[in-house]
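In each ligand, atom 1 is the first atom listed, and ligand 1 is the first ligand listed.
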Amino acid sequence: MKLHMQILIALGLGLKRNWHIFFGLIAGIFVGIFLHGHESVLINKILMFIGQVFIRLIQMVVIPLVISAIVIGITSIGDNKQLGKYGSKMIVYYGIITVIAVTLGAFLALAIKPGVGAAQYINANSAVSIQQNVAASIEQQKGNVLNIFLNFIPKNPLESVAKGDMISIIVFALIFAIALAKVGEINRPVVSFFESIFAATMKVTDWIMYFAAPGVFALTATAVSSFGIDIFQSISKYLFVLAIGFVIQFFIVYPSFLKIFSKVPVVMLYTAIAEAMMVAFGTASSSATLPLTIACCEKRGISHKISSFVLPLGATLNMDGTALLQTVAVIFLAQAYGVHLTAFLIIQICVLAIIASSTCAGIPGAGLITIALILNGMGLSPEQLVAGFAFLFTFDRLSDMFRTVLNVTSDAVVAATIADNENEINYDLLNNPEAYKEII
Ligand code: ASP
């Protein structure tokens with residue numbers, strides 16, 4: 001074998017696998033850009049297949065993992081007082097991060113005004129076929145907010161499991177786990193059962209991660225090839241606002257949050273969850289990334305008690321990246337269609353974005369669907385609503401990949417902060433990446 005090939009192979013085998021995922025991601029971006037101009041049905045099909053195999057495998061473990069993690073997490077926390085303390089901290093911290101995200105989104109969108117003059121692109125870009133699909137989903141979201149919350153309570157938990165309805169699964173698991181914690185010693189067989197399930201799902205996650213690099217490569221290439229780079233020209237201002245928002249949230253807000261509320265070093269935390277961030281980018285799904293987020297946090301120093309309680313809830317309820325996008329997107333459309341943005345309307349948008357983001361599932365594109373909840377009260381005509389919504393749809397995947405990274409990162413930031421506050425973090429492990437066990 002030629003020397004340069006030998007070196008390449010040796011490099012490939014010697015590198016840690018998180019680098020493999022990183023290279024997969026970068027290669028996916030380049031291949032996607034190339035494919036955009038050179039449509040090849042066969043290559044697209046193969047990439048789609050590889051990407052779907054990865055997503056399906058990882059989704060396969062999510063439900064058993066979430067239920068078992070919550071049961072073990074809550075029963076290990078044990079007494080009511082501690083549970084209340086962790087729970088209220090979690091809500092306050094997630095709340096702070098999301099409020100900052102919507103405020104930041106509103107501030108940037110009002111200052112940079114990406115929507116002014118954009119109506120022509122919106123009308124030109126909205127394909128009729130997309131508009132038809134969109135009209136249906138706007139209609140679906142018209143139900144009032146109370147109904148959305150009502151649907152969180154599962155009538156039949158098995159039906160929720162079958163449908164993969166994460167929020168109601170979590171509601172059931174929470175109630176069931178609290179009850180188990182209350183009944184005392186008699187809960188041992190059930191808790192042991194879930195402990196075994198949890199351990200097995202973590203093992204399966206380990207195996208699936210061998211497939212992460214090709215999976216992330218294929219998913220990224222497929223996503224990028226669907227929008228190419230010409231998209232940047234027509235909506236550059238809108239994307240610019242989003243990009244600044246995401247960058248500020250990631251590089252300023254989270255690090256400041258960690259500094260104010262804990263002594264967790266941000267670089268170490270970001271290193272610890274790097275694989276989860278990359279998988280979040282590739283899959284655009286916080287639910288699908290959850291097994292990896294839990295594995296990264298637990299194996300790198302955040303206690304099982306905290307990770308298994310805070311992360312599953314965060315993966316469905318804490319969507320600050322989504323909230324930021326929703327605020328910017330709604331203000332963008334309002335500006336494009338000349339809606340007068342009063343202070344009251346802006347506050348209404350921000351509050352609804354917090355609700356809409358936390359009711360959205362951790363799956364690709366969910367954030368855009370729940371945006372209808374906010375848009376419905378904006379005074380846009382039905383045609384404008386449909387055209388605007390369809391316009392946002394055409395390039396949603398791009399922002400979805402980035403906002404999902406934020407959603408996943410902020411879950412870990414909050415978990416690490418609570419773990420720090422409660423002495424549930426092993427700093428020797430977190431601060432020493434050499435000691436990290438490979439999770440993939
Ligand atoms: N894809 C996002 C997530 O899974 C949700 C969204 O904003 O669409 O976190």
Side-chain angles (χ1 to χ4, degrees), residues 51 54-56 58-59 61-63 65-66 94 97-98 101-102 104-105 133-134 137-138 140-141 148 164-167 169-170 215-216 219-220 222-224 226-227 238-239 242-243 245-246 249-250 254 273 276-294 310-330 332 352-375 389 392-415:
F54 177 59
I55 290 220
R56 276 172 174 257
I58 196 160
Q59 279 174 334
V61 293
V62 169
I63 292 179
L65 179 84
V66 165
Y94 280 148
I97 281 191
T98 310
V102 294
L104 180 64
N133 289 339
V134 160
S137 79
I138 294 178
Q140 236 179 26
Q141 289 286 320
I148 296 178
D165 183 355
M166 287 307 286
I167 300 191
I169 293 174
I170 287 184
V216 167
L219 288 166
T220 312
T222 322
V224 173
S226 71
F227 47 71
Y238 172 77
L239 289 181
L242 276 183
F246 289 163
Q249 191 78 354
F250 191 86
Y254 301 157
I273 59 164
M277 289 182 192
M278 289 186 275
V279 169
F281 187 83
T283 58
S285 167
S286 0
S287 285
T289 312
L290 182 62
L292 195 58
T293 322
I294 294 183
V310 177
L311 294 172
L313 290 173
T316 36
L317 297 178
N318 172 48
M319 302 269 177
D320 59 320
T322 303
L324 199 157
L325 158 102
Q326 292 180 329
T327 316
V328 172
V330 171
F332 166 81
L352 284 178
I354 294 173
I355 298 175
S357 64
S358 57
T359 59
C360 110
I363 54 173
L368 206 61
I369 311 246
T370 53
I371 228 173
L373 193 78
I374 317 172
L375 283 176
F389 212 52
L392 295 175
F393 250 107
T394 46
F395 51 85
D396 182 57
R397 179 72 185 200
L398 179 65
S399 92
D400 203 359
M401 294 161 103
F402 286 98
R403 65 186 190 247
T404 307
V405 174
L406 289 191
N407 292 342
V408 167
T409 307
S410 61
D411 294 343
V413 164
V414 169

Within the 4.5 Å heavy-atom criterion, are [X] and [Y] side-chain neighbours or not?
X      : Y      : result
Val413 : Tyr94  : no
Ser286 : Met319 : yes
Met277 : Phe250 : yes

* In the protein, which heavy atom is nearest to atom 1 (N) of ligand 1, and how far is it? -> Asp400 OD1, 2.7 Å
* Asked: How far is atom 3 (C) of ligand 1 from its nearest protein heavy atom, and which residue and atom is that?
  -> Ser286 OG, 3.1 Å
* Take Phe246 and Val405 through the side chain to side chain contact (heavy atoms under 4.5 Å, CB included) test and state the conclusion after the steps. => CA-CA 9 Å; Phe246 289 163; Val405 174; over 6 Å; no
* **Nearest heavy-atom neighbours spanning Arg397 and Gly282** => NH2-O, 3.2 Å
Heavy-atom contacts with [X] under 4.0 Å: which atoms of ligand 1 show up? List them by number with element.
X      : value
Asn407 : 2 (C), 3 (C), 9 (O)
Met319 : 9 (O)
Gly362 : 3 (C), 4 (O)
Gly365 : 8 (O)
Thr404 : 1 (N), 2 (C), 3 (C), 4 (O), 9 (O)
Ser285 : 4 (O)
Thr322 : 5 (C), 6 (C), 7 (O)

* **CZ (Phe402) with more than 12 external heavy atoms under 6.0 Å** => no
* Can you find a side-chain donor-acceptor pair between Asp320 and Ser410 that sits under 3.5 Å? -> yes
* Kindly confirm or rule out an N or O of Gly367 lying under 3.5 angstrom from an N or O of ligand 1. => yes
* Close N or O approach (Ala366, ligand 1; < 3.5 Å) -> yes
* Which option out of Asp396, Ile363, Asp411 puts a heavy atom nearest to atom 5 (C) of ligand 1? -> Ile363
* Should Thr370 and Gln326 be marked as a side chain to side chain contact (heavy atoms under 4.5 Å, CB included) after you check the CA-CA gap, both sets of side-chain angles, and the distance that decides it? -> CA-CA 9 Å; Thr370 53; Gln326 292 180 329; 3.0 Å; yes
